[in-house]
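Have a look at the structure below before the remarks.
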2 protein chains.
Amino acid sequence: MAETPYVPTRIRALPSWLLGRAAARGHRLVADALAREGMRMMHHAVLSAVAELGPVSQADLGRSLSIDPKDMVMIVNDLVAEELVTRAPDPRDRRKNAVTISPTGTRTLRRTQKLGDAANAELTAALSPAERDQLIDLLTRIAAPGLDDRCS
Amino acid sequence: MAETPYVPTRIRALPSWLLGRAAARGHRLVADALAREGMRMMHHAVLSAVAELGPVSQADLGRSLSIDPKDMVMIVNDLVAEELVTRAPDPRDRRKNAVTISPTGTRTLRRTQKLGDAANAELTAALSPAERDQLIDLLTRIAAPGLDDRCS
DNA sequence: CAGAATTCATTGGCTGCCCCAATGTTTTTT
DNA sequence: AAAAAACATTGGGGCAGCCAATGAATTCTG
């Protein structure tokens, strides 16, 4: 008995609640997939951003990915320890660290990106390609805090 | 200089990443709103579910909202301490606790529901009503782990 | 009907993400 | 030259999610 604990709780129709549940599932899928390469989600995100942005300061990385400076230090620490990136003082601005991806990092990234993409495909498996695009569009507009940064 | 740290990082186009960011903003908005009544998000969700489901066991609440039994214990502890719900042994099954909303809980819920709805309106302010409905639909299908519970 | 399996509430612990404050160094602004 | 800001770092805290183990109560099964 009581086979379906499905009840249309009022909460479950709220965007904030659905976002939380969907994000939790997404995180679970991606984290599990990346774990097969010994990689964690935020680490993979930072590694990917470093690959795109070239030598980049931790502050810029943090702004680009909305990661706290403190957490960024830890993540880059780990990535350096695994020799996926290098951290060297920026000669043009000695406050900054120039974070650069290493050849090993590039190879690792290629693998983890595949895993991440596969996990995202599984996450959105119930959606048609058009629906997936629209979801991305809607989420982008909702997640955006930085569209009206200085509207005054 | 460096006015826009906006860079189309590959990561930022992934559903899993966008979900995380959007969920974080939703949580921030809702949590801040509910905090004005001294309420926290999960507590409000449980209170709302209790109001809908009547006297209900903690296990059913947990299944309905995907909350871990451990966390449910803590939440109901808090709600009982604030006299928003009562927790009494179920006479028909003495393993279960019958959780019931109190008159105070009903009044509080009325206020916190308004705050939660307002926060969700702000969260989805950039969307038209139709887009908001579609977002809810897409998220429901993505978040759903319980659609194929016993497909075998 | 007696033993096995399950369910329930509870306790304990562990990880990840997010946020804030303070410090010393370096750069930029005034 | 002094003040203000940015950067990397250290430290601390809160909240959400997840898993393991336990004892009591119920249901299933032989």
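Residue numbers begin at 1 in each chain, while the letters A, B, ... track the order of the sequences.
A:Asp32 meets the side-chain contact (heavy atoms from CB on, under 4.5 Å) test with A:Arg28; sequence neighbours excluded. Every residue two or more places apart in sequence or in another chain that forms a side chain to side chain donor-acceptor pair (under 3.5 Å) with A:Asp93 is listed here: A:Arg95. Annotation: side chain to side chain donor-acceptor pair (under 3.5 Å) contacts of B:Gln134 (sequence neighbours excluded): A:Gln134. The side-chain contact (heavy atoms from CB on, under 4.5 Å) test applied to A:Thr104 returns A:Leu84, A:Ser102, A:Arg107, A:Thr108, not counting sequence neighbours. Looking at residues two or more places apart in sequence or on another chain, you find no side chain to side chain donor-acceptor pair (under 3.5 Å) involving B:Gln113. Remark: A:Arg21 engages no residue in a salt bridge (charged side-chain N to carboxylate O under 4.0 Å, His left out) (not counting sequence neighbours).
Note on the helix from C:dC1-D:dG30 to C:dT30-D:dA1: terminal axis deviation equals 30°, with five pairs used at each end and the result rounded to 10°.
Residue A:Arg28 places at least one side-chain N or O closer than 4.0 Å to OP1 or OP2 of D:dC18. Taking 4.0 angstrom as the limit, A:Gln58 places none of its side-chain polar atoms (N or O) nearer than this to OP1 or OP2 of D:dA6. One finds a side-chain N or O of A:His27 lying less than 4.0 angstrom from the OP1 or OP2 phosphate oxygen of C:dC17. OP1 or OP2 of D:dC7 lies within a sub-4.0 Å distance of a side-chain N or O belonging to A:Arg63.
Counting non-hydrogen atoms under 4.0 angstrom, A:Ala24 reaches nothing in the nucleic acid.
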Enumerate the protein-to-nucleotides 12-15 of chain C contacts in which both atoms are nitrogen or oxygen and the separation is below 3.5 Å.
unit_1	atom_1	unit_2	atom_2	d
C:dG12	N7	B:Lys70	NZ	2.6

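Against DNA chain D, the stretch residues 81-97 of chain B makes heavy-atom approaches under 4.0 Å through B:Asp93, B:Arg94, B:Arg95. Residues from residues 119-127 of chain A that place a heavy atom under 4.0 Å from any atom of DNA chain C: there are none.
Applying the salt bridge (charged side-chain N to carboxylate O under 4.0 Å, His left out) test to residues at least two apart or on different chains, the pairs with a partner in residues 124-136 of chain B are A:Arg141-B:Glu131.
For A:Val73, the side-chain atoms get nearest to D:dT10 when compared with the rest of C:dA9, D:dC7, D:dT10.
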Under 3.5 Å, sequence neighbours excluded: what are the donor-acceptor pairs made by side chains of residues 33-42 of chain A?
unit_1	atom_1	unit_2	atom_2	d
A:Glu37	OE1	A:Arg111	NE	3.1
A:Glu37	OE2	A:Arg111	NE	3.1
A:Arg40	NH2	A:Asp78	OD2	3.4

